[in-house]
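Everything on this sheet refers to the single structure shown next.
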Amino acid sequence: MKLIARRSLLTGGLALAAYPVLAAPPQPWIAYERRLRGLLSDPPGGDFDPDFEETLLDLNTLIRRRQSLAPLAFDRGLTLAARAHAADMARTEVFDHVTTEGYSAAGRVGLLARDLVGAPGENIAMRRNADGLVRPEQIMNQWRDSPGHRANLLAPGFTHVGYGALRQGPRVIAVGCYAEVAARLPGPAPLRVASSDEIARALSNAAPAIRQFSVSEPGGEVLTTTYIEGRPPSALPAGAWQLRPHLSSGEHRYQVAWGPVFVLG
């Protein structure tokens, strides 16, 4: 289980403090995105099981309703991120939220859920039965009985989810990708952009409106301010960045969310 907490940033007027930060090298992120999409179309040693995934969603809804919590809505981008990580763990046999290269849930969601702005979290599980096929309730029970995983199932702030279940004969690798969806872009953001102007255009007509944003290294916490509506975007070095929109949560107070990953230059 990994939950990436929301961050709040207090500002004076519209000016935000700028922190110097280097971009991530672009080619590894381009290669990772290509790898994930390849695994989605050709998962190793098995196939994704949509019925299993749908049942996980139904079971999560039952668990939340027992706690008087709203059900989580299905999200296609989160499902892609969940499926891709399940297939990638099957490929590497490394069962972790972070790959050996250091890619995390925030980066995967930023690569594959290209219209989503929010705060992501992730559950993972692997199960092989001695007799019979693995059933969805067995995976859900593993998560329900683990305090950290249960926290994601019942997080009151989460609004959307995507489940990925890769069935490989007697073994199932399952991933739940959760998010507090705070805003939606009008369409999928481009992965490659030539300038920060293109990033600003990708945010136009977002719902709710996004008036300013920072960027960070993908999955990173250190922010660089690049755009405030009505001001020219700051120059941004070439490389891989993650969009970090600022969502108003009161006068001069902003929640810094997570958005798509993009490659500049």
Side-chain angles (χ1 to χ4, degrees), residues 1-2 28-64 71-101 103-116 120-146 149 152-153 158 160-179 181 188 191 260-261:
M1 184 283 304
K2 186 173 186 180
W29 282 92
I30 292 171
Y32 185 49
E33 191 264 355
R34 187 180 301 121
R35 182 173 101 201
L36 293 178
R37 293 198 181 275
L39 289 166
L40 287 168
S41 61
D42 187 19
D47 292 298
F48 300 115
D49 188 333
D51 291 336
F52 196 108
E53 295 164 355
E54 185 175 353
T55 302
L56 286 176
L57 177 59
D58 291 341
L59 292 170
N60 196 170
T61 296
L62 289 174
I63 292 171
R64 290 179 67 89
L72 300 177
F74 168 83
D75 184 87
R76 177 63 179 168
L78 294 175
T79 299
L80 294 178
R83 286 182 170 183
H85 191 45
D88 203 30
M89 289 191 291
R91 179 188 69 88
T92 63
E93 293 294 327
V94 176
F95 297 95
D96 203 328
H97 298 283
V98 181
T99 70
T100 54
E101 306 97 334
Y103 300 118
S104 67
R108 285 185 289 277
V109 172
L111 286 172
L112 298 176
R114 309 257 349 133
D115 68 338
L116 187 151
E122 184 179 80
N123 282 353
I124 61 175
M126 187 275 288
R127 185 181 181 98
R128 184 195 305 269
N129 286 348
D131 297 305
L133 295 176
V134 176
R135 303 185 305 277
E137 58 267 26
Q138 292 176 309
I139 295 293
M140 187 57 68
N141 287 343
Q142 286 182 214
W143 287 337
R144 185 196 59 191
D145 295 339
S146 164
H149 294 88
N152 275 347
L153 297 175
F158 284 150
H160 290 71
V161 67
Y163 284 108
L166 177 63
R167 189 180 288 280
Q168 299 176 301
R171 183 173 82 164
V172 168
I173 300 172
V175 176
C177 195
Y178 311 85
V181 177
L191 177 62
V261 170

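Just so you know, these numbers come straight off a predicted model, no measurement behind them.
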(request) Say whether Gln138 and Asn129, considering side chains only, have a donor N or O and an acceptor N or O under 3.5 Å apart. (result) yes
(request) Hey, could you give me the CZ/CG distance between Arg83 and Leu36, rounded to the nearest 0.5 Å? (result) 14.0 Å
(request) Please test Asp47 against Arg167 for side-chain contact (heavy atoms from CB on, under 4.5 Å), starting from the C-alpha separation and ending with a verdict. (result) CA-CA 6 Å; Asp47 292 298; Arg167 189 180 288 280; over 6 Å; no
(message) I'd like to check Val172 versus Leu166 (side-chain heavy atoms, cut-off strictly below 4.5 Å). Are they in contact?
(response) no
(request) Taking all heavy atoms of Phe48 and all of Ala87, pick out the closest pair and write down the distance. (result) CZ-CB, 4.0 Å
(message) I want to check something: taking the side chain as every heavy atom from C-beta on, are Tyr163 and Val175 in contact at a cut-off of under 4.5 Å?
(response) no
(message) Please check: side-chain N/O of Arg127 versus main-chain N/O of Arg171, any donor-acceptor pairing under 3.5 Å?
(response) no
(message) Taking CD in Glu137 as the centre, count heavy atoms belonging to other residues, nucleotides or ligands within less than 6.0 Å. Is the count above 12?
(response) yes
(message) Taking Glu122's backbone N and O only, do any of them form a donor-acceptor pair with Asn152's side chain (distance below 3.5 Å, no angle check)?
(response) yes
(request) Please report the closest heavy-atom contact between Pro136 and Leu56, naming both atoms and the distance. (result) O-CD2, 3.5 Å
(request) For the pair Glu53 (side chain) and Ala165 (backbone), establish whether a donor and an acceptor sit closer than 3.5 Å, ignoring hydrogens and angles. (result) yes
(request) Quick one: closest heavy-atom pair of Leu39 and Ala84, and the distance? (result) CD1-O, 4.2 Å
(message) Determine whether a donor-acceptor pair (N or O, by modelled atom type, separation under 3.5 Å) exists between the side chain of His85 and the backbone of Asp96.
(response) yes
(request) Sequence neighbours left out, what passes side-chain hydrogen bond (donor to acceptor under 3.5 Å, both in side chains) with Arg35? Give chain and number order. (result) Asp88, Glu101
(message) Is there a side-chain contact between His97 and Tyr103 in this structure, where contact means two heavy atoms from C-beta onward sitting under 4.5 Å apart?
(response) no
(message) Are Arg64 and Pro71 packed together at the side-chain level, in the sense that at least one heavy-atom pair is separated by less than 4.5 angstrom?
(response) no
(message) Between Phe158 and Val181, is there a side-chain heavy-atom distance shorter than 4.5 Å?
(response) no
(request) Could you tell me whether the side chain of Arg91 and the main chain of Pro43 form a donor-acceptor pair under 3.5 Å? (result) no
(message) Let's go through Leu111 and Leu191 carefully: what are the C-alpha distance in whole Å and the side-chain angles of both, what is the deciding distance for side-chain contact (heavy atoms from CB on, under 4.5 Å) to 0.1 Å, and is it a yes or a no?
(response) CA-CA 8 Å; Leu111 286 172; Leu191 177 62; 3.9 Å; yes
(request) Return yes if some donor-acceptor pair links the side-chain N/O of Asn123 with the main-chain N/O of His149 below 3.5 Å, else return no. (result) yes
(message) Could you check whether any side-chain N or O of Ser146 sits under 3.5 Å from a backbone N or O of Gln142, counting only pairs where one atom can act as donor and the other as acceptor?
(response) no
(request) Taking all heavy atoms of Ala90 and all of Pro44, pick out the closest pair and write down the distance. (result) CB-CG, 3.9 Å
(request) State, yes or no, whether a side-chain contact exists between Tyr178 and Asn60 at a heavy-atom distance under 4.5 Å. (result) yes
(request) Report yes if the side chains of Leu78 and His160 come closer than 4.5 Å at any heavy-atom pair, otherwise no. (result) yes
(message) Can a side-chain donor-acceptor contact be found between Tyr32 and Arg108 if the only test is distance below 3.5 angstrom?
(response) yes
(request) Carefully, step by step, assess Leu57 and Glu54 under the rule side-chain contact (heavy atoms from CB on, under 4.5 Å). (result) CA-CA 5 Å; Leu57 177 59; Glu54 185 175 353; 5.5 Å; no
(message) What I'd like to find out is whether the side chain of Cys177 reaches to under 4.5 Å of the side chain of Thr79, using heavy atoms alone.
(response) no
(message) Would the distance check show the side chain of Trp143 and the main-chain N or O of Ile124 forming a donor-acceptor pair, the cut-off being under 3.5 Å?
(response) yes
(message) Working to the nearest 0.5 angstrom, can you tell me the gap between Thr55 OG1 and Ile139 CD1?
(response) 12.0 Å
(message) Let me confirm one number: the CG-OG1 distance from Leu153 to Thr61, rounded to the nearest 0.5 Å.
(response) 10.5 Å
(request) Answer yes or no: is there a donor N or O on one side and an acceptor on the other, between the side chain of Arg128 and the main chain of Val134, under 3.5 Å? (result) no
(request) Please report the C-alpha distance between Leu116 and Asp75 in whole Å, then the side-chain angles of each, then the deciding distance to 0.1 Å, and finally whether the side-chain contact (heavy atoms from CB on, under 4.5 Å) criterion is met. (result) CA-CA 9 Å; Leu116 187 151; Asp75 184 87; 3.9 Å; yes
